[in-house]
Each structure stands twice: as C-alpha cells, then as structure tokens.
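One structure is given below, encoded as structure tokens.
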Amino acid sequence: MRLPRKHRADRGARDETGGPERTEGPKRTRRAAGRAKSRRRAARKARRRLIDLPRRGRRGWRRWTPSWKLTSGLFLLFSGALAALFTAVYLQVEIPDPHDSARRQATLYYWADGSRMVSVGDVNRQDVKLDQVPEFVQHAVIAAENADFYTDSGVSVTGIGRAAVNIVKGEETQGGSTLTQQYVKNTYLSQDQTVARKVKELFLALKISNQRPKSEILEGYLNTSWFGRDAYGIQAASYAYYGIPARELNPSQGALLAAVLKGAESFDPSLSAENRRRAEDRWSWILDRQVATGSMSAQERAKYTVFPEPKSPVKPTSQAGQIGYLVDIANKYLKSRSGITDKDLASGGYSVHTTFEKDKVLALTKAVEQVCAQRLDPKQRAEDQYVQVGAASIRPRDGAIVAVYGGSDAIEHFTNNADTSGVPAASAFKPFVYAAAMEKEHEGGQRPAEGADQDPPKPRPTDAPTAPTNLHAALVNSDHTPFVESGKKIGLKNVKDLAVGAGLREESMAKLEPTFSIGTSTPSAVRLASAYTTFVNQGRATEPYSVVRAERSGVAVDGLGHPKPRRAMSSETASTVGAALRQVSSNAVGPPKGWGTSPPSWAGKTGPNDRMNSAWYIGATPELSTSVAMFRTKPDVPRLLPMQGVGGPDSERGSAFPPLIWKAYNEAATPPTP
C-alpha cells in the first residue's frame with residue numbers, strides 16, 4: 001500500500017535528523033570499489049612480464065603477434081646499440097701504413113731518345129702528382145667508376161651489402177665500391193674476398209674520406225689501380241698502352257684507360273676480338289657518360305669517333321743482355337753525383353733518363369758477337385776459352401756514354417766488363433806518357449792545374465827544347481824502352497797526374513815503378529774511352545756521364561747534368577800526340593771507305609810486344625770515342641789468363657780482335673761522311 005505523501009516526507013526527515021543515512025551508502029560503495037580496482041591494477045602491473053609475448057588477453061594467432069609498442073621499442077633499442085657500436089669502432093680504427101706492395105714502385109730507365117728502356121722492380125708502378133694527369137682523364141675515370149665521387153661519403157652501403165651477400169653465397173663479388181673504397185683496398189688491405197675485409201674497407205674508407213681531401217684520394221687511386229699489362233697506376237698504364245707519359249694522353253685515350261679499369265682481362269682490346277668489342281663499347285659509353293655528368297660538352301664528345309687503338313703489348317723487359325750493364329752504370333753515376341743510396345734505389349719510384357742510344361748499343365753488341373763468332377773457336381782451341389770483351393763508346397763533345405758492351409748477358413755474367421778495373425792498359429796507356437813528356441818540355445815547364453779551363457798556351461819558340469822525338473815512333477811501333485826512360489826522366493808522378501787529369505781514376509793507377517809507363521795501370525773501358533777524348537778536344541777533358549736527369553714523384557734529383565770540361569793538357573800537346581795516334585789508327589784499321597788516305601781517328605792499341613794479359617784498341621773520332629778490351633778470366637782464378645794463342649798464331653796475342661770490333665761498330669754507328 002503506497003504511503004501518503006506526508007509520511008514519505010516524514011521518513012526522509014527522519015533520515016536527515018538521525019536515522020540511518022541511507023542516501024550515503026552508494027558513495028561508500030563506489031569509493032571502496034575504486035580502491036579495490038586500483039589495488040588489482042597495481043597487482044596486475046606488478047605481475048606483468050617485460051615482454052608481453054605471448055600476449056595476454058589475446059586469442060589464437062594474435063597472442064603471438066608483437067604489439068606495435070614492442071616492435072618499435074625493440075627497433076629503437078637495436079638501432080641505438082648498433083649506432084653506439086659503429087661509433088665506438090669508428091673511433092678506434094686507425095689508418096694503417098700502406099702495405100709493402102703499395103709503397104713499392106718500379107724505377108724506370110729511358111733511352112736517350114726518351115723511349116722506355118727497362119722497368120726495374122717487382123711492381124711496375126710510378127707515382128705521379130694529380131696535376132700531371134689531365135683533368136679529362138680524371139673526369140673519365142670518375143664518370144666510369146664513381147660519378148658522385150666528390151659528394152659521396154666515401155662508401156657505398158649497397159655495394160658492400162651486395163658484395164657481402166655474394167661472398168657468403170660463394171659467388172664472385174660484383175662492382176659497386178666507390179673510388180675511395182678501391183683506393184683503401186689497393187693501399188691498405190689485401191685483395192681477399194672476405195666479409196672481414198669488406199668491413200675493414202668500410203670503416204677505413206669512411207675515416208679517410210672524412211680526414212683527407214678528395215684530390216688526395218683520387219691521386220692515390222690513380223697511382224695504385226691495376227690497368228693490366230703489368231701496369232699499376234696511370235703512368236705505367238699510359239706507357240704500356242700508348243708509349244707516352246700520362247700528361248700527354250688525349251681524352252679518347254684517357255677514356256680507354258678508364259675502360260680497362262673494369263678488368264683488363266676483359267677489356268684490353270689486344271687480347272681478343274671479343275675484348276676489342278667490349279672495350280670499344282665501354283670506351284664510347286664513358287665518353288657519353290662524361291657528357292651526361294657535365295664534364296665534357298657534346299661538341300667535344302663529337303670529336304672522338306675513332307677508337308684509340310693502343311700499341312701491341314710487349315713482354316715485360318728485363319735486365320738480360322746489355323740492359324743490366326746499362327742500369328749498373330746509370331746507378332753508379334746517380335749514387336756518385338746525387339747522394340742517392342742503394343736503399344733509395346731499392347725503394348723505386350725514380351725516372352732515370354740516360355745517355356744510352358739504343359741503336360749504338362745494338363751495333364756495339366753485334367760487332368762484338370760477329371767478330372768473336374768468326375775468329376774464336378773455343379771447342380777446338382783451348383786458348384779461345386774464357387775470353388771476355390768489354391767496350392764503351394763516348395761522345396767527345398760532352399762526355400755522354402752512348403753505348404757499352406759489358407759481357408755476354410747481365411743475368412749470367414755479373415761483372416760489367418765495360419766499367420770494371422783489373423785489365424792492364426798496356427800500350428794503350430802510352431799516349432799519356434807522351435803527353436806528360438810534351439807538357440814537361442813545354443815552355444814554362446808547368447801545365448795548368450787540374451780542373452782549370454784556360455786558353456791554350458802560346459806556341460813555344462822554334463828553338464825551344466822538344467819532347468823526345470823517338471816517343472812518336474815508339475808509340476806507333478809499340479816500343480817500350482823509350483817510354484820507360486821518358487817516365488824516369490820526367491817523373492812518374494807527373495805521368496800519373498796527367499792521366500788522372502785526362503779522366504782515369506786515381507784508384508786504377510798502378511804503383512809508380514819503372515813499368516808504370518808501359519801500362520800496368522788498370523782503367524776501365526769507360527774511363528779509357530773518356531780520356532782519349534782529350535786528344536780530340538784540344539786538351540780539354542770532360543767527366544763521362546750516363547744520366548741526363550732523374551726525378552721521383554715529379555721532383556728532380558739534384559746534382560745531375562752535363563759535367564763541365566776542364567783543361568788536362570795544352571792544345572799543342574793534344575795535337576802532337578794526336579798526330580801519332582792518327583798514324584796508329586791508319587796502321588791498325590785504315591780509313592773507312594770514302595775517306596781516301598786520311599784516317600779519321602786518333603787511336604791507341606796494344607801490340608805484339610805487349611806481354612800483359614790484355615788486348616786493347618781505343619779509337620776516337622769527333623763523333624765517338626770507343627774503347628774495346630779483350631782478356632781471359634776463369635771463375636775462381638784470381639789472375640787473368642794469358643792471351644798467347646787466342647784466335648790462332650796470327651792474332652798477335654789477341655791484339656787483332658779489338659781493332660776489328662771497333663771498325664765494325666764505328667762504321668755501323670757513324671757511317672763515313674767525308
């Protein structure tokens with residue numbers, strides 16, 4: 001039964017005045033429920049796993065699907081750890097010293113005409129400065145290998161990743177490395193195809209790219225890259241493909257060299273027809289690529305439509321034959337004039353431009369070999385065994401050594417017969433005794449001091465004392481006694497001083513005994529040929545030289561150049577002795593065809609009266625002064641073997657051979673022009 005409104009109001013009033021507070025009950029319940037819920041939430045949070053996987057509250061496959069919060073958190077954690085590791089490794093990496101093969105370079109020797117004679121060293125490379133490489137060659141390489149070289153970070157992450165995957169799969173690595181990475185591999189690392197090497201390459205390339213200018217990196221890359229044909233570096237490649245230094249390359253040739261960087265075994269056009277097709281395609285593409293990258297205009301590109309055919313490859317030259325002897329003489333001169341040491345030469349990198357003329361070296365070698373083959377028979381005559389020949393040819397006007405014959409083969413016969421002492425000069429020394437006697441008898445009794453380049457002395461009065469007239473006949477007839485007597489009279493030291501002033505070495509001079517005047521001294525073939533130029537040059541002597549210039553990495557070696565002439569005797573003495581020497585020449589070889597009866601040379605020689613174990617002929621013309629020595633030496637025998645019977649009984653103790661060799665060479669090297 002529903003209460004009246006009045007009673008309902010009374011019940012509410014009682015609640016407010018002290019009755020049960022029925023209206024406050026729900027609030028207390030809500031507060032208690034909230035507290036309980038908070039306690040339960042805290043308990044669940046305390047019990048929650050660090051990684052909610054499998055996920056609570058999910059059913060089926062969703063329980064095993066990471067939440068986006070978990071995924072992003074793990075990604076950030078991994079990225080942070082990787083970045084920290086990368087930074088730590090980068091900071092700890094130090095740029096090592098270049099490995100030995102990157103430091104070693106070949107030393108290149110050039111003939112007098114500028115063509116390459118030989119590359120000495122186990123690595124055919126010669127560093128050049130970047131400014132010695134034309135810009136269009138640089139652009140060709142960059143366009144072909146790494147178009148964004150100047151803006152990249154030094155590494156190609158995609159290239160490294162692709163290479164790493166291929167290495168793991170056991171497949172051949174592909175391209176994609178930057179020029180910086182290739183420079184690092186060439187200079188600091190091995191060529192091993194391993195993941196570890198690629199990782200090292202990455203960090204070193206980054207560090208080098210951050211610490212070194214791009215120009216230095218490009219220069220290093222061009223100097224260490226393999227171009228095929230045994231050529232490391234752009235300079236060696238330029239010579240190998242076109243026979244010219246890198247600075248003389250044109251844009252078309254530069255594009256081909258850039259093409260072979262991709263692999264000479266596939267792009268050297270001389271190896272096969274297929275190679276040539278590939279090389280021509282890539283050459284054309286590189287030129288087009290330069291237009292696309294803005295380093296060449298379309299008008300310039302249109303000029304290069306003919307493939308720049310390189311020269312045929314040649315086998316690497318060696319020091320066989322006469323080459324080793326030529327290198328030996330050049331090295332001796334370098335060390336004596338510039339302070340370069342054997343250690344310096346061993347490190348390589350030098351360009352040595354010599355005075356040697358290839359045609360004359362070949363002519364001298366041919367003359368020796370032909371005469372010996374025609375006249376010697378070691379199988380039938382024991383006296384013809386162990387015969388050695390040494391020869392040298394010098395240009396009188398400046399002392400340049402143009403040719404030598406050092407022996408049969410430099411890699412089999414190690415001693416350089418042209419530039420070694422130990423073979424007595426015998427009668428070939430007598431002209432210096434004659435000259436010393438003339439100088440002693442000269443007005444004033446003193447010749448100019450060594451090294452002085454004075455005017456020739458005035459002619460002496462006709463009634464002045466003259467040198468012994470019998471020395472002229474004695475020189476022509478190879479008579480000893482007058483020279484022994486003259487040496488005693490004028491003083492052996494005076495004879496020695498004049499000979500040394502003319503160009504013979506002090507250390508090759510024998511003891512000052514009576515036999516000194518008849519040639520017990522042992523000058524080399526180079527030194528005798530040089531000293532005889534004094535009679536051609538009106539008494540002036542010039543130090544023989546074999547190197548015109550040398551440089552390393554574009555820096556010239558100091559101390560080289562043409563030696564200055566010095567006065568060794570008066571012009572009158574040179575003329576007087578020269579008259580006798582001309583008669584010796586006429587008797588020995590006669591004038592060449594076309595010269596009539598006037599002999600063109602001044603000559604000294606040994607003869608049948610010499611009892612020393614050597615045979616010499618030195619003939620000097622205004623064009624060439626050439627000395628030829630023949631002797632016998634047996635391994636492990638310290639003394640020279642006797643020359644008696646060499647070539648048969650009519651050879652005059654072998655003295656017939658040197659004049660024949662000289663004449664054959666001289667007529668080939670300087671054809672007579674009356």
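- Between Ala502 and Ala541, the closest heavy-atom pair is O-CB, 3.6 Å.
- Residues Tyr386 and Val637 fail the side-chain proximity criterion, which asks for heavy atoms closer than 4.5 Å.
- In terms of modelled atom types and a separation under 3.5 Å, the side chain of Lys605 and the main chain of Gly619 share no donor-acceptor contact.
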Inset, instruction - Would you check, one step at a time, whether the test side-chain contact (heavy atoms from CB on, under 4.5 Å) holds for Tyr110 with Met117? - result: CA-CA 5 Å; Tyr110 298 90; Met117 179 172 70; 5.7 Å; no

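- At distances below 3.5 Å, not a single donor-acceptor pair connects side-chain atoms of Gln235 with backbone N or O atoms of Arg125.
- Ring centroid separation for the pair Phe429 and Phe516 comes in under the 6.0 Å cut-off.
- Residue Lys358 qualifies as open at atom NZ: its count of foreign heavy atoms under 6.0 Å is 12 or below.
- For Phe535 and Tyr434, the distance between ring centers is not under 6.0 angstrom.
- Residues Phe356 and Ile329 form a side-chain contact, since some pair of their non-hydrogen atoms from C-beta on lies under 4.5 Å apart.
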Inset, instruction - Using the side-chain contact (heavy atoms from CB on, under 4.5 Å) rule, take Tyr617 and Ser585 through it: C-alpha gap first, then chi angles, then the decisive distance, then the call. - result: CA-CA 9 Å; Tyr617 186 86; Ser585 172; 3.8 Å; yes

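- In the model, Asp610 has a side-chain atom that pairs as donor or acceptor with a side-chain atom of Ser427 under 3.5 Å.
- Residues Met630 and Cys372 meet the side-chain proximity criterion, which asks for heavy atoms closer than 4.5 Å.
- Remark: Arg611 CZ is packed, more than 12 non-hydrogen atoms of other residues, nucleotides or ligands lying under 6.0 Å away.
- No donor-acceptor pair closer than 3.5 Å links the side chain of Arg381 to the backbone N or O of Val646.
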Legend entry - Test log, rule side-chain hydrogen bond (donor to acceptor under 3.5 Å, both in side chains), inputs Tyr665 and Thr626: CA-CA 9 Å; Tyr665 163 71; Thr626 306; 4.5 Å; no

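- Atoms CD1 and OG1, on Ile618 and Thr533 in that order, are 12.0 Å from each other to the nearest 0.5 Å.
- Distance check: Glu357 CD to Leu624 CG gives 7.5 Å after rounding to the nearest 0.5 Å.
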Inset, instruction - Decide yes or no on salt bridge (charged side-chain N to carboxylate O under 4.0 Å, His left out) for Arg337 and Glu543, but give the supporting numbers first. - result: CA-CA 12 Å; Arg337 299 279 295 191; Glu543 188 74 6; over 6 Å; no

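- The shortest heavy-atom contact between Gln319 and Ala410 is O-CB, 3.3 Å.
- Here the shortest heavy-atom pairing between Tyr325 and Ser408 reads OH-N, 4.0 Å.
- From Ser393, atom OG reaches atom CG of Asn666 across 7.5 Å, with rounding to the nearest 0.5 Å.
- The shortest side-chain heavy-atom distance between Thr355 and Val548 falls under the 4.5 Å cut-off.
- Contact annotation: the side chain of Val352 approaches that of Leu334 to within less than 4.5 Å [non-hydrogen atoms, C-beta and beyond].
- Among Glu507, Glu513, Glu506, the single residue meeting the salt bridge (charged side-chain N to carboxylate O under 4.0 Å, His left out) criterion with Lys496 is Glu506.
- Remark: Lys366 NZ is loosely packed, at most 12 non-hydrogen atoms of other residues, nucleotides or ligands lying under 6.0 Å away.
- Using a distance-only test at 3.5 Å, with no hydrogens or angles considered, a donor-acceptor pair links the side chain of Asn417 to the main chain of Val389.
- Using a 4.5 Å heavy-atom cutoff, the side chains of Trp602 and Pro622 are in contact.
- Between atom OG1 of residue Thr515 and atom NE2 of residue His480 there is a gap of 10.5 Å, rounded to the nearest 0.5 Å.
- Looking only at distances, no side-chain donor or acceptor of Ser625 sits under 3.5 Å from a matching main-chain atom of Ile394.
- Dense packing is recorded around CG of Asp113, with more than 12 heavy atoms of other residues, nucleotides or ligands lying under 6.0 Å away.
- One N or O on the side chain of Asn609 and one on the backbone of Ser478 form a donor-acceptor pair closer than 3.5 Å.
- No donor-acceptor contact under 3.5 angstrom links the side chains of Ser521 and Ser508, judged on distance only.
- Remark: the backbone N or O of Asn537 is not paired with any side-chain donor or acceptor of Arg397 at under 3.5 angstrom.
- Between Lys440 and Lys489 there is no side-chain heavy-atom pair separated by less than 4.5 Å.
- Between the side chain of Ser421 and the main chain of Ser524, no donor-acceptor pair closer than 3.5 Å is present.
- In this structure, the separation between OG1 on Thr633 and CZ on Arg639 is 12.5 Å, given to the nearest 0.5 Å.
- Not a single donor-acceptor pair under 3.5 Å links the side chain of Asp344 to the backbone N or O of Ile340.
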Inset, instruction - Output, in order, the C-alpha distance, side-chain angles, deciding distance and verdict of side-chain contact (heavy atoms from CB on, under 4.5 Å) for Ser546 and Thr354. - result: CA-CA 5 Å; Ser546 57; Thr354 74; 5.7 Å; no

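- Donor-acceptor pairing under 3.5 Å is recorded for the side chains of Tyr545 and Asp398.
- The shortest heavy-atom contact between Ala615 and Thr606 is CA-OG1, 3.3 Å.
- With hydrogens and angles left out, the side-chain atoms of Glu572 and Ser570 include no donor and acceptor closer than 3.5 Å.
- Smallest separation of non-hydrogen atoms from Leu640 and Asn613: O-ND2, 3.3 Å.
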Inset, instruction - Given side-chain contact (heavy atoms from CB on, under 4.5 Å), test Leu528 with Tyr532 step by step and report yes or no. - result: CA-CA 6 Å; Leu528 265 181; Tyr532 267 64; 4.1 Å; yes

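- The CZ atom of Phe483 sits 15.0 Å away from the NZ atom of Lys488 when rounded to the nearest 0.5 Å.
- Here the side chains of Ser119 and Tyr239 are not in contact, with every heavy-atom distance at 4.5 Å or above.
- When all heavy atoms are compared, the tightest approach of Arg566 to Val500 is NH2-O, 4.1 Å.
- At distances below 3.5 Å, at least one donor-acceptor pair connects side-chain atoms of Arg632 with backbone N or O atoms of Gln385.
- Using modelled atom types and a 3.5 Å distance limit, the side chains of Asn331 and Tyr350 yield no donor-acceptor pair.
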